[in-house]
Amino acid sequence: MKIHLTSVFVDDQAKALRFYTETLGFVKKHDVPVGEKDRWLTVVSPDEPGGTQLLLEPAGHPAVKTYRDTLVKDGIPLAQFAVDDVNAEYERLRGLGVRFTQEPLEMGAVTTAVFDDTCGNLIQIATQSQ
């Protein structure tokens, strides 16, 4: 068994696609209309185009707002992405105007940082020391 797809709820799929591709560096995998205004919209790592997909899922379900608002209020990331160097990625993303809620923090063999994805979520980036 392996993870094939996971999702983040987003307020605006077009805005999310721009942020996740132009800012974070993911590439669009699927973009299929679903209904009148939503899309089956996924992105993947450019290093693993056949790897795990991230669905930029519309946040229309009534439970989503309470769920995400509570996570953000408590500072809890919705998802975690692996990066080669948290400090370098932190600097790169800050240079692009990304707002971080947690600067790089070393916790033993792991370094993490948390940013706002502009679409209603906190996302953690992490590097594990070898």
Side-chain angles (χ1 to χ4, degrees):
M1 189 176 302
K2 64 181 179 177
I3 298 171
H4 172 71
L5 179 131
T6 190
S7 62
V8 292
F9 293 107
V10 298
D11 299 329
D12 178 318
Q13 286 185 300
K15 178 181 175 184
L17 181 60
R18 282 190 304 277
F19 182 81
Y20 278 80
T21 57
E22 296 172 14
T23 303
L24 298 185
F26 290 101
V27 294
K28 182 170 58 172
K29 177 85 174 185
H30 295 288
D31 189 351
V32 179
V34 176
E36 293 183 25
K37 62 177 183 148
D38 295 331
R39 299 146 65 181
W40 180 263
L41 183 58
T42 66
V43 296
V44 294
S45 168
D47 297 332
E48 296 181 5
T52 304
Q53 297 176 56
L54 179 66
L55 175 63
L56 304 176
E57 188 167 354
H61 190 280
V64 171
K65 180 171 176 32
T66 302
Y67 172 67
R68 288 192 318 163
D69 287 352
T70 303
L71 289 177
V72 169
K73 181 176 93 37
D74 291 345
I76 299 171
L78 180 67
Q80 182 186 83
F81 303 145
V83 296
D84 291 333
D85 181 336
V86 166
N87 292 303
E89 194 65 12
Y90 169 81
E91 292 301 331
R92 183 186 80 81
L93 292 174
R94 279 199 35 172
L96 293 172
V98 174
R99 184 180 72 82
F100 278 79
T101 61
Q102 177 202 304
E103 295 182 1
L105 177 63
E106 292 183 28
M107 298 176 287
V110 177
T111 302
T112 65
V114 178
F115 64 85
D116 179 340
D117 78 348
T118 74
C119 304
N121 307 293
L122 296 179
I123 304 294
Q124 184 175 65
I125 53 175
T127 300
Q128 187 166 355
S129 302
Q130 301 292 337

Taking the side chain as everything from C-beta on, heavy atoms only, tell me whether T118 gets closer than 4.5 Å to D11. no
Gap between atom CD of Q128 and atom CE of M107 - 0.5 Å precision: 11.0 Å
Pairwise side-chain contact, L54 with T6, heavy-atom cut-off 4.5 Å (strictly under): yes
Among Y90, F81, F100, whose ring pair (Phe, Tyr, Trp, His ring centres under 6.0 Å) with F115 holds? F100
Would you give the length of the straight line joining atom CG of L105 to atom OG1 of T112, rounded to the nearest 0.5 angstrom? 5.0 Å
Listed once per pair and sorted, the side-chain hydrogen bond (donor to acceptor under 3.5 Å, both in side chains) pairs that draw on residues 55-66, sequence neighbours left out: S7-E57, K65-D69
For L96, is the CG atom crowded, meaning more than 12 foreign heavy atoms sit under 6.0 Å from it? yes
Value rounded to 0.5 Å, distance of CG in D84 from CD1 in I125: 11.0 Å
Is any side-chain N of the basic residue among E89 and R92 closer than 4.0 Å to the acidic one's carboxylate O? yes
Any chance CD of E106 has more than 12 other-residue heavy atoms, nucleotides or ligands included, within less than 6.0 Å? no
If I compare all heavy atoms of P77 with all of V114, which pair ends up nearest, and what's the gap? CG-CG2, 4.0 Å
Hey, quick one: are V110 and V83 part of the same hydrophobic cluster, counting side-chain heavy atoms closer than 4.5 Å, chains of contacts allowed? no
Pairwise side-chain contact, L56 with V43, heavy-atom cut-off 4.5 Å (strictly under): yes
Considering only residues two or more places apart or on different chains, which pairs with a residue in residues 13-29 satisfy side-chain hydrogen bond (donor to acceptor under 3.5 Å, both in side chains)? Y20-D117
Under 3.5 Å, is there a donor-acceptor pair between the side chain of T127 and the main chain of T111? no
Before you tell me yes or no, could you show the steps for L93 and L24 under side-chain contact (heavy atoms from CB on, under 4.5 Å), namely the whole-Å CA-CA distance, both residues' side-chain angles and the distance that decides it to 0.1 Å? CA-CA 8 Å; L93 292 174; L24 298 185; 3.8 Å; yes
Could you go through the side-chain contact (heavy atoms from CB on, under 4.5 Å) check for L122 and I76 one step at a time? CA-CA 7 Å; L122 296 179; I76 299 171; over 6 Å; no
Is R68 reaching over with its side chain to a backbone N or O of C119, donor-acceptor style, under 3.5 angstrom? yes
Pairwise distance CG(L5) to OG1(T52) - rounded to 0.5 angstrom: 8.5 Å
I123 CD1 to T101 OG1 distance, which is reported to the nearest 0.5 Å: 10.0 Å
